[in-house]
Amino acid sequence: MRTSKIRGTKRKLRTIEQYLSDRTKQFPNDFYEGVYNYKLPANQQFIDSLNPKGKKVVFNYLMDCAMNLKKKKPNAAYKIAVLLFPEKFWRSELIVFEKEAVYQDFFNRNQPWQVWREMKNPADSFISIHWTKKMYEELIDDEDEQQQQTFICYIER
């Protein structure tokens, strides 16, 4: 089935950039259960319609905002991560953790219905002096079906 062209791609990408930059001008202070997240302000249809170049632009927006927040951290207890879902790119988000314990608990997903396993990929796990790249495999055991997906996490050093 052929998908129709999405109109206003450049305008919508500028809107995403403006939204993320406006939200990250100040470091968040109203955390919910120790976590503050920035989801992409666009619908699934638009994000899925982007070509690889457009997705790279969105990724760069997320990383720029993460770097901006990193510079504004009040203390070292806060952790910042960018989660990218290659198959479901619209689920990608920027997350700020209030404490180290919340950060550790977030990545410890070993319940019967959901498991996250870190995938070993030493070749490109070090991307810069500021960020570490980790790959995870998510296994979800739903009542009706089992789902498996891979996602990439960029965690500040």
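We number each residue from 1, following the sequence as shown. Side-chain atoms are counted along with the backbone in the values below, which use heavy atoms only and exclude waters and symmetry mates.
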With a 4.5 Å heavy-atom cut-off, do Pro74 and Asn29 have their side chains touching?
no

From CG (Leu40) to CZ (Arg91), nearest 0.5 Å:
12.0 Å

Supply the atom-to-atom distance Thr15 OG1 to Gln18 CD, rounded to the nearest 0.5 angstrom.
8.5 Å

Under 4.5 Å between any side-chain heavy atoms of Val102 and Phe31, yes or no?
no

CG/Leu62 to NZ/Lys39 distance, rounded to the nearest 0.5 angstrom?
11.5 Å

Taking the side chain as C-beta and beyond, is there a heavy-atom pair between Leu83 and Phe106 under 4.5 Å?
yes

Least distance between heavy atoms, Cys65 atom then Ser21 atom
SG-N, 4.1 Å

Going through the distances and angles, do Phe46 and Leu13 end up as a side chain to side chain contact (heavy atoms under 4.5 Å, CB included)?
CA-CA 10 Å; Phe46 172 70; Leu13 286 173; 4.2 Å; yes

Closest heavy-atom contact between Leu84 and Pro86?
O-CD, 3.4 Å

4.5 Å side-chain heavy-atom contact, Ile47 and Ile16
yes

Smallest heavy-atom separation, Thr24 atom then Lys72 atom, equals O-NZ, 3.5 Å

Of the non-hydrogen atoms in Phe89 and Phe59, which two are nearest, and what is the gap between them?
CZ-N, 4.3 Å

Which atom of Lys55 lies closest to which atom of Leu50, heavy atoms considered:
CE-O, 3.5 Å

May I have the step-by-step check of side chain to side chain contact (heavy atoms under 4.5 Å, CB included) for Arg14 and Lys10, ending in yes or no?
CA-CA 6 Å; Arg14 279 194 308 267; Lys10 289 181 184 178; 4.0 Å; yes

Per the side chain to side chain contact (heavy atoms under 4.5 Å, CB included) rule, which among Glu98, Glu100, Gln104 passes with Lys79?
Glu100

Roughly how far, to the nearest 0.5 Å, is the CG atom of Asn68 from the CZ atom of Phe27?
10.5 Å

Which heavy atom in Phe85 sits nearest to a heavy atom in Ser92, and how many Å separate them?
N-OG, 3.2 Å

Ile95 and Tyr103: CA distance, side-chain angles, deciding distance, side chain to side chain contact (heavy atoms under 4.5 Å, CB included) verdict:
CA-CA 10 Å; Ile95 303 174; Tyr103 166 76; over 6 Å; no

Going from OH on Tyr61 to CG on Leu94, what distance comes out if it is rounded to the nearest 0.5 angstrom?
15.0 Å

Between the NZ atom in Lys70 and the OH atom in Tyr78, the distance rounded to the nearest 0.5 Å is 16.0 Å

